[in-house]
Protein chains: 2
Amino acid sequence: MTLSEEDYIKAIYHLGKGENTTVSTNAVAEQMDTKPSSVTDMVKKLSEKGVANYKPYKGVSLTEYGQKIALSLVRKHRLWEVFLVEKLDFSWDEVHEVAEQLEHIKSEKLVDQLDKHLGFPQVDPHGDPIPSKKGEFKKAIKKLLNEVPIGKSGICVGVKDSSPPFLKFLDKNKIALGDTILVLDKEEFDGSIDIQIKERTIHISSQIATNLYLKITE
Amino acid sequence: MTLSEEDYIKAIYHLGKGENTTVSTNAVAEQMDTKPSSVTDMVKKLSEKGVANYKPYKGVSLTEYGQKIALSLVRKHRLWEVFLVEKLDFSWDEVHEVAEQLEHIKSEKLVDQLDKHLGFPQVDPHGDPIPSKKGEFKKAIKKLLNEVPIGKSGICVGVKDSSPPFLKFLDKNKIALGDTILVLDKEEFDGSIDIQIKERTIHISSQIATNLYLKITE
DNA sequence: ACAAATATTTAGCTTTGTCTAAAATTATTT
DNA sequence: AAATAATTTTAGACAAAGCTAAATATTTGT
């Protein structure tokens, strides 16, 4: 696969949200910041190569083989993101562009060894799951912290309320996007919860918990 | 710079042995496994871009700017080689192909952080020196172990005598290509020497020392 | 159901990097 | 120093991947 073909495969995969959905030429063009006519050309080629199913005017989807390739790319992308954050001190919002390049490196041994070096991580710095070598992985869902069951952990990915006082609170308690939060206990009465974050245990009110989004897997 | 341009720059650099030598179109073509006519086209473009000096029929050399690019590529290549060997357990002879891909990744932060992560290594797994960020580096020379001065260390890169008994000796003493050897002491009388290799100290006869090549820097 | 709007494809052109074959230049030999 | 050999460049073609403009399908609104 060429670099460009791989980019198209990833775009089709992501637009189909991982399920094997048919996506439109226009959608792919927009996603990839290119023109619809270029997409038509490329999906024809991918179709001939057995990577995609394409019917003129009817959109395009990935074949089994195409999905395999997509999953391998996603796996590589997310492993590299973990590497950049954990080993090279990148912040969670700096990694995408570089991982976008690294995911195209071709070497099975490289990926396997990288996975091992990182301790076989399950999720990337954005809380998204990393497919196994065979392409299996759990879905990630975004939930408000108060909806996360006891014992589950997730990665902080956003806030519902973005008012200065709330953001100030998060800052003061050293809760940042990208942090892993584990729900230790919940108080039925007032909805407050105990969480563990970076080795620290803190108690959080319901108001806070209903305004913080976590990404949790499975 | 495109991937292809970078490959040409590296080829011209290596053929010129790092000094700013003029190299022939044919030599570049052979090195890159391509045709002389393709080289002509490319060096014209590199010349227009201010990367190379090219006079028809007279060969091509790198400009200052071109040399800077070459050194940056060499730096990246060798840092990635160290990474692959030290962190991902690649053996010294498996790294080249993968490093050849990784050297094209564009991110200054990536290279700086990688350098730091590896502890600012001075040489790659083949004993070749790694240019600093500014492009400075010491030359590497290949010497027989008996010619290496006391206190200097180098990396084992080859043998003069490749007879089975000699190779068996190396194997028994766990001396392998890629190992770092430090010369501790020399015996004037019989030319035998003490070396340190992988935390072990061993005594080696003159016959052995005159048949083992090390790469040492400066 | 038909016209208008939107989406998609086709046709033809551009750029990058490569190739082959022919022409031009430089080097070598006698 | 002329002839031959070797090297290098030019000219013209090709594949990949992209674009624009025009043509064709499909969808939507009434």
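A, B, ... follow the sequence lines: proteins, then strands. Residue 1 opens every chain. All values derive from a computational prediction rather than experimental measurement. Basis for what follows: all heavy atoms, side chains included, without hydrogens, waters or symmetry-related copies.
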Which part of the nucleic acid, if any, lies within contact of B/Ser4, taking any heavy atom under 4.0 Å across all strands shown: a base, the sugar-phosphate backbone alone, or nothing? sugar-phosphate
Residue list, side chain to side chain contact (heavy atoms under 4.5 Å, CB included) with B/Tyr65, at least two apart or on another chain: B/Met1, B/Val51, B/Thr63, B/Ile69
Phosphate-side-chain proximity, B/Tyr8 and C/dT18, N/O vs OP1/OP2 below 4.0 Å: yes
Whether A/Asn26 contacts C/dT8 is assessed here as follows: a side-chain N or O lying under 4.0 Å from the phosphate OP1 or OP2. Is that the case? yes
To the nearest angstrom, how far is B/Lys49 atom NZ from C/dT16 atom P? 8 Å
What integer distance in Å separates A/Glu30:CD from C/dA7:P? 10 Å
Base, backbone or nothing for each nucleotide of nucleotides 9-16 of chain D, written B, S, -, heavy atoms under 4.0 angstrom, 5' to 3'? BB-----S
Between B/His96 and B/His126, does the ring centre distance come in under 6.0 Å? no
Kindly confirm or rule out a cation-pi arrangement of B/Lys143 over B/Tyr213, judged by NZ or CZ under 6.0 Å from the six-membered ring centre and within 45° of its axis? no
Return the nearest nucleotide to the side chain of B/Lys35; candidates are D/dG18, C/dT20, C/dT18. C/dT20
Check ion pair A/Lys106-A/Glu6 (N to O, under 4.0 angstrom): yes
May I have the list of side-chain donor-acceptor pairs in residues 156-168 of chain B shorter than 3.5 Å, sequence neighbours left out?
from	atom 1	to	atom 2	distance (Å)
B/Asp161	OD1	B/Ser163	N	2.8
B/Asp161	OD1	B/Ser163	OG	3.0
B/Asp161	OD2	B/Ser163	OG	3.3

I'd like to know if the side chain of B/Thr40 and the backbone of B/Pro36 have a donor-acceptor N/O pair within less than 3.5 Å. yes
